[in-house]
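Note sheet for the following structure.
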2 protein chains.
Amino acid sequence: MNLKTLSEHLGLSQTTVSRALNGYPEVNEKTRKRVLEAAQELNYSPNARAKGLATGRAMAIGHVIARSTKHEMVNPVFGDYTAGAGESYSAAGYDMLISLVDDENEERFYRAMKSKGNVDGIIVHGPRMEDPRIDLLSDLGMPFLCHGRASGVARDYAWLDVNNTRAFQRATEFLLDLGHRRIALLNGLETLEFAHRRKQGFLNALQDRGMTPDPALMRTGEMTEIYGYRETRALLAAGTRPTAILTASMITAMGVRRALWDEGLTMGRDISVITFDDDLSYLKNGQDVPIFTATRSSVREAGRLSAQMLLDMINDPERTLRTHLMEADLIIGQSTGPAPDRV
Amino acid sequence: MNLKTLSEHLGLSQTTVSRALNGYPEVNEKTRKRVLEAAQELNYSPNARAKGLATGRAMAIGHVIARSTKHEMVNPVFGDYTAGAGESYSAAGYDMLISLVDDENEERFYRAMKSKGNVDGIIVHGPRMEDPRIDLLSDLGMPFLCHGRASGVARDYAWLDVNNTRAFQRATEFLLDLGHRRIALLNGLETLEFAHRRKQGFLNALQDRGMTPDPALMRTGEMTEIYGYRETRALLAAGTRPTAILTASMITAMGVRRALWDEGLTMGRDISVITFDDDLSYLKNGQDVPIFTATRSSVREAGRLSAQMLLDMINDPERTLRTHLMEADLIIGQSTGPAPDRV
DNA sequence: CTAGCTGTTCAAAGCGCTTTGAATTGACAC
DNA sequence: GTGTCAATTCAAAGCGCTTTGAACAGCTAG
């Protein structure tokens with residue numbers, strides 16, 4: 001069923017039928033009604049490629065996932081973020097196009113995306129410091145929004161981010177207030193912006209209290225369960241144990257918890273743990289009372305919001321570039337308590 | 001940069017340039033070389049919509065995620081599956097189109113997808129029993145592949161599945177061999193096919209040994225950490241404790257583990273635990289020695305394979321419908337041991 | 001009665017590509 | 001010198017839609 005068949009069926013021109021379907025005012029209401037009913041009944045929906053070709057709009061947003069050959073891990077946050085973004089897209093009638101790209105071919109790929117024209121905009125994931133994609137996409141004139149910020153980029157660009165610095169600063173301060181002095185940081189890979197900012201927050205808090213960070217207590221790596229487990233074991237085995245651990249994800253925190261259990265330590269009493277909680281739907285931080293004290297920010301909400309912001313930009317290009325900083329909540333759970341040497 | 005500009009730039013017709021780029025034989029090799037170089041240099045890549053319109057192929061595969069209003073959870077497996085599928089797609093030059101659909105609108109949506117023509121095929125996720133989508137898509141003539149099987153569907157269709165029945169049957173037999181007689185099953189939602197099949201495997205194993213399953217030991221629910229925790233606590237509180245627990249996902253198993261810890265029980269000694277392990281990249285089951293004894297099957301590999309199978313179907317429609325049953329490995333870890341009452 | 005509207009409909013061009021059918025060229029055989 | 005053929009190249013139609021500019025009917029104002 002295409003427009004031609006439909007209009008012949010109705011005894012109308014394609015022009016009129018098209019206008020009736022797209023809500024143009026110069027169509028007689030009776031005609032419009034007739035057209036809409038026929039379209040419904042005959043299960044007509046316009047061919048997206050033809051429509052796109054005629055309008056110059058793809059009605060789709062691209063999400064580019066850089067697949068580094070080194071780090072094969074899929075971000076556990078991906079599913080929930082996608083679900084959030086998907087909600088905004090489907091409400092607006094947009095599709096979501098996901099592509100995996102080897103990180104060496106990234107530039108070529110973005111250029112191709114532009115000239116292939118199968119997306120109207122792009123969400124940039126996991127920005128790195130001085131991320132070249134921002135300049136590239138700006139130069140290409142491709143609307144985009146960055147999920148996370150990239151420092152070291154001079155140009156203005158649209159982004160949505162969590163206040164990672166503040167979140168970890170507050171978490172660290174909270175631990176300091178509880179009397180903890182030896183606080184370990186199990187951070188994500190610090191080539192990634194968000195991890196870098198969290199570290200800054202951690203350092204800020206220490207500095208504000210005139211404390212010098214101990215490099216031996218600061219670790220970085222991919223945020224897996226094993227990573228949390230191993231580093232915690234290593235920290236516990238080393239000379240002076242930390243009394244608190246600040247970690248970058250629920251999954252890592254679960255590894256930390258396992259290591260503590262193995263050592264016969266009780267979380268919250270012997271050692272305090274704070275984690276960043278992305279509020280993943282399949283990994284809730286407890287039911288009523290949170291298991292882990294955490295800085296919480298819903299990544300699903302981030303997906304929903306960032307998609308909406310990008311759609312707004314596309315529909316109103318005159319609007320100035322929008323940015324949005326989400327604050328993480330500090331949620332008190334059962335994994336923190338006063339420093340043991342202070343009790 | 002479009003084909004017209006490029007061909008004018010080269011002093012050739014659009015026909016020749018198009019053929020040169022698409023590898024047709026009737027083009028002089030010198031000409032082809034010249035064209036390819038110019039295309040590279042000028043960053044030309046053909047407009048996907050126009051190409052699609054002309055060829056009738058979208059070069060994209062749709063993944064439809066049904067968003068039930070009741071179960072808001074995003075399947076934790078989604079990211080890894082997508083990554084696997086994405087590998088096959090990007091190797092073949094296909095895009096992946098992901099759409100969220102409310103489950104009431106599902107039929108309308110599939111029909112629209114067909115007539116919009118923005119995908120060449122569809123992957124059906126999370127089939128339910130007697131899933132109506134299979135008949136619908138067959139009738140629409142839309143190529144599709146089902147990730148998982150749906151029982152109660154008369155028609156033939158292409159699918160890729162894990163042998164869930166066999167996996168849980170083997171796991172149960174393994175526990176029985178270790179002397180366990182009271183084995184609990186923490187299953188996923190049994191409206192979903194895979195959970196139903198796992199239950200069957202569990203029951204088969206008991207039946208083969210002439211045992212009667214105890215309904216009090218069989219639970220079902222969304223596979224969260226909390227679910228594992230709660231049900232385990234409940235099982236331990238009840239009259240006769242199980243000596244082993246068979247659970248449906250790593251995340252649930254982690255909840256089970258937490259409950260055991262809270263009760264001061266040692267996993268593998270006091271209570272044995274076996275889980276299904278999807279081999280998620282962010283949730284590895286230990287490094288060298290697995291933490292959990294598990295039935296393991298990589299969902300990423302499933303994604304890669306199923307995408308490839310669908311592409312094969314699309315490129316060679318004459319081929320008979322393909323199906324593929326993956327066997328899960330039974331991996332022995334530290335979470336199982338002989339039944340305590342037997343030692 | 002005519003000019004000028006307004007409301008409604010239409011024919012045709014154009015979006016950027018592929019592909020059909022025809023044209024052109026040079027080489028070769030007769 | 002002419003006819004045939006293979007190797008290249010080309011002009012134009014068509015994919016299914018939107019949108020421009022024109023047409024037409026029915027009114028009202030002059």
Side-chain angles (χ1 to χ4, degrees), chain A residues 1-36 38-39 42-60 93 95 111-120 315, chain B residues 1-36 38-39 42-60 93 95 111-120 315:
Chain A
M1 174 58 53
N2 58 20
L3 185 61
K4 192 176 171 198
T5 327
L6 178 63
S7 51
E8 280 167 1
H9 176 85
L10 284 160
L12 288 167
S13 73
Q14 297 188 37
T15 311
T16 305
V17 176
S18 169
R19 284 187 166 150
L21 292 171
N22 289 308
Y24 281 71
E26 60 268 55
V27 177
N28 188 314
E29 278 310 318
K30 273 180 199 154
T31 314
R32 187 195 305 283
K33 189 151 172 278
R34 208 158 64 84
V35 171
L36 288 174
L42 298 173
N43 260 312
Y44 169 78
S45 37
N47 181 299
R49 293 188 298 265
K51 189 163 184 162
L53 187 55
T55 56
R57 313 194 61 176
M59 296 304 282
D95 289 323
R111 286 191 186 282
M113 217 154 195
K114 169 73 181 175
S115 55
K116 278 169 63 181
N118 48 4
V119 299
D120 298 323
N315 292 322
Chain B
M1 174 60 50
N2 58 19
L3 185 61
K4 193 176 171 197
T5 327
L6 179 62
S7 52
E8 279 167 0
H9 175 86
L10 283 161
L12 288 167
S13 74
Q14 297 189 36
T15 310
T16 305
V17 176
S18 168
R19 286 186 164 149
L21 292 171
N22 289 308
Y24 282 70
E26 60 267 56
V27 177
N28 188 314
E29 279 311 318
K30 272 179 200 153
T31 314
R32 187 195 305 282
K33 188 149 171 281
R34 207 158 63 86
V35 171
L36 288 175
L42 299 174
N43 260 313
Y44 168 77
S45 36
N47 181 298
R49 292 188 298 264
K51 190 163 183 162
L53 187 55
T55 56
R57 314 195 59 175
M59 297 303 282
D95 290 323
R111 286 191 188 282
M113 218 155 192
K114 168 72 181 178
S115 57
K116 278 169 63 179
N118 49 4
V119 300
D120 298 323
N315 293 322

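Throughout, protein chains are lettered first and strands after them, A, B, ... in sequence-line order, and every chain is numbered starting at 1.
- When the salt bridge (charged side-chain N to carboxylate O under 4.0 Å, His left out) test is applied to B:K114, no partner is found at least two apart in sequence or on another chain.
- Whole-Å rounding puts the A:M59 CE to D:dG16 C1' distance at 17 Å.
- The side chain of A:L53 lies closest to C:dG16 when the candidates are D:dT9, C:dT9, C:dG16.
- Qualifying side-chain contact (heavy atoms from CB on, under 4.5 Å) partners for B:R34, counting only residues two or more places apart in sequence or in other chains: B:L10, B:L12.
- The distance between atom CZ of B:R57 and atom C1' of D:dC15, rounded to the nearest whole Å, is 15 Å.
- Spacing between atom CE of A:M1 and atom C1' of D:dC17 amounts to 15 Å, rounded to whole angstrom units.
- Nucleotide D:dG14 holds its C1' atom 10 Å from the NZ atom of A:K4, rounded to whole Å.
- Listed by chain and number, the residues in a salt bridge (charged side-chain N to carboxylate O under 4.0 Å, His left out) with A:K4 amount to none (sequence neighbours excluded).
- In this structure A:A54 satisfies the side-chain contact (heavy atoms from CB on, under 4.5 Å) test with no other residue, sequence neighbours excluded.
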Using the 3.5 Å cut-off, write out each protein N or O paired with an N or O of nucleotides 18-22 of chain C and the distance between them.
| unit_1 | atom_1 | unit_2 | atom_2 | d |
| --- | --- | --- | --- | --- |
| C:dT18 | OP1 | B:N22 | ND2 | 2.9 |
| C:dT18 | OP2 | B:S18 | OG | 2.5 |
| C:dT19 | OP2 | B:Y24 | OH | 2.5 |
| C:dT19 | O4 | B:T15 | OG1 | 3.2 |

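- Positionally, the nearest nucleotide of DNA chain D for B:N28 lies more toward the 5' end than for the other of B:N28 and B:S115.
- A straight line from CZ of A:R32 to C1' of C:dG7 spans 13 Å, rounded to a whole angstrom.
- Remark on the helix from C:dC1-D:dG30 to C:dC30-D:dG1: inter-end axis angle 70°, axes from five-pair C1' superpositions, rounded to 10°.
- The phosphate of C:dC17 has neither OP1 nor OP2 within less than 4.0 Å of any side-chain N or O from B:N47.
- Counting only residues at least two apart or on different chains, the salt bridge (charged side-chain N to carboxylate O under 4.0 Å, His left out) pairs with a member in residues 13-27 of chain A are A:R19-A:E26.
- A search for side-chain hydrogen bond (donor to acceptor under 3.5 Å, both in side chains) contacts involving A:N28 returns nothing, not counting sequence neighbours.
- The distance from atom CG of A:L53 to atom NZ of B:K51, rounded to the nearest 0.5 Å, is 14.0 Å.
- Per the geometry, CG belonging to B:L12 stands 15 Å off P belonging to C:dT25, to the nearest Å.
- Scanning for side-chain contact (heavy atoms from CB on, under 4.5 Å) contacts around A:N118 gives A:L97, A:M113, A:K116, B:A48, B:D95, with sequence neighbours left out.
- By the 4.5 Å heavy-atom criterion applied to side chains, A:N47 and A:N2 are not counted as neighbours.
- B:E8 has its CD atom 12 Å from the P atom of C:dC17, to the nearest Å.
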